[in-house]
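To start, the structure under review is shown below, and the notes come after it.
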Number of protein chains: 2
Amino acid sequence: MGQEGVGVDLETSLGYLLKEASSALRAAMEQVLRPLGMSVTRYSCLELLAQRPGLSNSELARGAFVTRQSMNVLLHALEREGDVTRPVEAPVGKVLPTRLTPRGRRSLEKATVAVRSVEVRMLAGLTEAEQSGAFRILQSMIRSLRDGDGS
Amino acid sequence: MGQEGVGVDLETSLGYLLKEASSALRAAMEQVLRPLGMSVTRYSCLELLAQRPGLSNSELARGAFVTRQSMNVLLHALEREGDVTRPVEAPVGKVLPTRLTPRGRRSLEKATVAVRSVEVRMLAGLTEAEQSGAFRILQSMIRSLRDGDGS
DNA sequence: TGACCCATGTCAGGATTCTGACATAGATTG
DNA sequence: CAATCTATGTCAGAATCCTGACATGGGTCA
């Protein structure tokens, strides 16, 4: 294996470490979600809807970090399986507010405990102060990155 | 806009914040890399090779967080464009060590300054202590997540 | 009121990535 | 030494995602 211990600049890059952590988190989530027949994006969508009922397709897409098109096909699948409901026509404008069904709420509950366990494991070696510190630091990074993107 | 300020649990989730930061970082990198005709994965591959010459296809794939197959097609493109070289046959085993050409090194330099500026911007509002704190925290998260993955 | 601009939902096409599988090389273990 | 295990490179197919585009609804502002 190429595990030479040569000190490398990538190992000191916070950006690389951020991607590494995010990748590890996603892998861990996929692992615990797979036995439940659920993907990360599907879980994210359900969780979003549980906390903010009536979200639109576009809002769900932004919240789950996918495109509107991808979220659209997912919503159709969720609707077909009876996890969510959408009005046949928009009550106002073109926005179709989506809501969880009792069935969707149940499948979400099982997934939530699985994901919660992953998050607990991730925060295992961290003190309370470190967790709130990480919180502020990540928020600062996000704000700084979004500032200069010409939006 | 659905920007209701309703306090939501997702906003308090470190996992969600992690994904948000990683997504913002990737978007910022794509934005500064696009004018140079370079993608994030391509930059990652070149940067990896600059710091660890002779890396194999599989090692590059792991380092850039893609599959071996994706890295393989990227390497073929990089070789065709003259940014990297690979021996026609493996000197030992099946591993084909990859190396940067002078041309590849030049295109990497331009990309590096662009990416460096993004990282600087990301760390703008953070003190030195906060940066090293983030470093330790992220490493702890990665370690904790990798521990219980049945590898 | 009408023109303009932004956001939404949706469609089609293409590009990218992943999943699954195979044969082979090297290390490991008995 | 032989068998097993792990890792590599590669192939083919499928699934996923994105880019580009369109028509429509709503808000803004003259």
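Residue numbers begin at 1 in each chain, while the letters A, B, ... track the order of the sequences. Note: hydrogens, waters and symmetry copies are ignored here, and every other heavy atom, side chains too, is used.
Both A/N72 and B/F65 lie near DNA chain C, and the one whose nearest nucleotide falls closer to the 5' end is A/N72. Ranked by how close their nearest DNA chain C nucleotide is to the 5' end, A/E30 and A/H76 are led by A/H76.
The listed nucleotides are C/dC11, D/dT8, D/dC11; the one nearest the side chain of A/Q69 is C/dC11. In the set C/dA21, C/dC11, C/dG9, C/dA21 carries the atom at the smallest distance from any side-chain atom of B/R68. For B/R86, whose side chain is taken as the heavy atoms from C-beta onward, the closest listed nucleotide among D/dT10, C/dT8, C/dT10 is D/dT10. Looking at the side chain of B/N57, the nearest of the listed nucleotides C/dG9, C/dC18, D/dG9 is D/dG9. Distances were taken from every side-chain heavy atom of B/S70 (C-beta onward) to each of D/dT10, C/dT17, C/dC11; the shortest belongs to C/dT17. Taking every side-chain heavy atom of B/S56 into account, D/dG9 is the closest of D/dG9, C/dG9, C/dT17. The side chain of A/T67 lies closest to D/dC18, out of D/dT8, D/dC18, C/dT10.
Side-chain atoms of B/Y16 and B/E20 include no donor-acceptor pair closer than 3.5 Å.
Under the 4.0 Å criterion applied to side-chain N and carboxylate O atoms, A/E109 and A/R105 are not assigned as salt-bridge partners. Electrostatic pairing of A/R103 and A/E81 does not count as a salt bridge here, judged by no charged N lying under 4.0 Å from a carboxylate O.
Between the CG atom of B/L55 and the P atom of D/dG9 there is a distance of 10 Å, rounded to whole Å. In this entry the distance linking CZ of A/R26 with P of C/dC18 reads 10 Å, nearest Å. The CZ-C1' distance, from B/R62 to D/dG9, rounds to 13 Å in whole Å. We find that CD of A/E79 is positioned 15 Å from C1' of C/dT10, with the value rounded to whole Å. Separating the CG atom of B/L75 from the C1' atom of D/dG9 is a distance of 11 Å, rounded to the nearest angstrom.
Here the straight-line distance linking atom NZ of B/K19 with atom CG of A/L138 works out to 13.5 Å at 0.5 Å rounding.
The shortest non-hydrogen separation linking A/L74 to A/R42 is CD2-CA, 3.9 Å.
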